[in-house]
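Worksheet for the structure shown next.
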Amino acid sequence: MSTSGTPQFRYTQTPSKVLHLRNLPWECAEEELIELCKPFGKIVNTKCNVGANRNQAFVEFADLNQAINMVSYYASSSEPAQVRGKTVYIQYSNRHEIVNNKSPGDVPGNVLLVTIEGVEAGDVSIDVIHLVFSAFGFVHKIATFEKAAGFQALIQFNDAETASSARNALDGRSIPRYLLPEHVGSCHLRISYSAHTDLNIKFQSHRSRDYTNPYLPVNPTAIEGIMQPAVGPDGKKKELESNVLLASIENMQYAVTVDVLHTVFSAFGTVQKIAIFEKNGQTQALVQYPDVNTAAVAREALEGHCIYDGGYCKLHLSYSRHTDLNVKAFSDKSRDYTIPEASLLAAQQVSGYPAAPAAWQNPQAAPMYHGNEFSGAASMQAQGPPGQGPSWDPAMQAGRSTFVSVPSTFPGQTFHASSGPVYSSAAMPPGSSPLQTGPTTSSSMASRGISQPGGPPNLRPGGGASPPGVGPPGASPSYYGQ
DNA sequence: AGCACA
């Protein structure tokens, strides 16, 4: 009649799908465990390297009878269960399921996430990575990128077995010295599994490769060497122009939203895409125009100007190396205005989907936002529980994104309806009302018919000198049906 | 050789 607190009698545990294995060799690999147990049934979960000595493990069978089969087999067998020649002691676990067994990175898959510790991105070429990992099988695709964790690569193999062999052999090991530049000290590989099954490589470049598709276009802006700054006739470095501007926002006392940027930059032409991200603690944004000329005009006009009065949110503009941003169509940090309104609205009607693990190891962001500009985007790949990534992206459900393979196995994903961004007036600096006309504040925005819900910028493009040939930028975006 | 994880 005892309900709780009754100690389990030592040697008469009740049968459980979960078996407790002791006296395993130190850091016994999961594969060895599975090898031992799979003759008795389907293994649904394992936990290895348990205990202070890391020589215990748990194995969970799909069916209780399978566990019973294994225990009773070895109970009556003359040959004890063995791993690497060591006798393994098997009992029913006193629990009935293995819980919290694996972090996402431990769930085997055909794509590896490799962190190359102790190197700069430039130290290890994609060819070296390819060489190292090709030892274990045909490498289909590689995408490299930088983020807080360091220089990382996604390596796609044909199957999980191949990926696993590469992981087992290389995790914690180093890339051979002769493949590295002299100045590189140690260089350890930290390898886990990616949740992805197929990387979406857009270009062959020094950052990404698709070895299955030799006809994939070479990204002219992403090949090493081409990116060397051109030198003008005067011998000075000539900045490469681009239709995409990189804006650094200095003294950002107030929130700068996608909409604010859209308003500001639309004064010079159609803004196609915007992405906001953090770089070294500073907010930056990429703003894409259809052509270089428009970008150049915007750059000239806006450079050094402040979005808000009082020297707040000062813009510094340069040309990005990107020519076509690959951004989430509708998030709080990015917008793709080239997407037809209808599809956006339609996308927002979609409901009932679990939140996508978003950009968890988003391979798309990786190759597309290479370089220094987009560590912010890369940070969306921050390792962590899937499903806790950035906000749900309607575009994914709208079928526009083909790159995310949403693992259906992650629990705890909740759908948060995306009702569109809400721009609180807190984003607007006090005393910087758009309607206020001050020394540096013109009413040009209002006269252009721009009315932003959350505090339109005071910035007057060109300091009063409107760029030639630029008309009213049209109504503010109506994507979110304001 | 004797039960993890929160």
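Lettering follows sequence order; numbering is per chain, from 1.
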Quiz item: Can you check whether D210(A)'s main-chain N or O pairs, donor with acceptor, with Q204(A)'s side chain at less than 3.5 Å?
Solution: yes
Quiz item: NA contact type, E60(A), heavy-atom cut-off 4.0 Å: base, sugar-phosphate, or nothing?
Solution: nothing
Identify all side-chain donor-acceptor contacts of residues 177-185 of chain A below 3.5 Å with residues at least two apart in sequence or on another chain.
residue	atom	partner	partner atom	Å
R177(A)	NH1	V184(A)	O	3.0
R177(A)	NH1	G185(A)	O	2.9
R177(A)	NH2	V184(A)	O	2.6
H183(A)	NE2	D123(A)	OD1	3.0
H183(A)	NE2	D123(A)	OD2	3.4

Quiz item: With no hydrogens and no angle check, is any side-chain donor or acceptor of R335(A) less than 3.5 Å from a backbone partner on K273(A)?
Solution: no
Exercise. Could you state the atom-to-atom distance from CZ of R54(A) to P of dC3(B) in whole Å?
Key: 16 Å
Self-check item: Atom-pair distance (CD1 on I98(A); P on dA4(B)), nearest Å
Solution: 12 Å
Quiz item: E27(A) CD to dA4(B) C1': how many Å, rounded?
Solution: 16 Å
Quiz item: Over how many whole Å does the gap from F58(A) atom CZ to dA4(B) atom P extend?
Solution: 6 Å
Quiz item: Any side-chain heavy atom of V244(A) within less than 4.5 Å of one from V287(A)?
Solution: no
Self-check item: Interatomic distance, K17(A) NZ vs dC3(B) C1' [rounded to whole Å]
Solution: 16 Å
Quiz item: In whole Å, what is the span from the NE2 atom of H20(A) to the P atom of dA4(B)?
Solution: 8 Å
Quiz item: CD of E97(A) versus P of dA6(B): gap in Å, rounded?
Solution: 15 Å
Quiz item: What's the CG-C1' distance between D106(A) and dA4(B), to the nearest Å?
Solution: 14 Å
Self-check item: First encountered from the 5' end of DNA chain B, between N23(A) and V18(A)
Solution: N23(A)
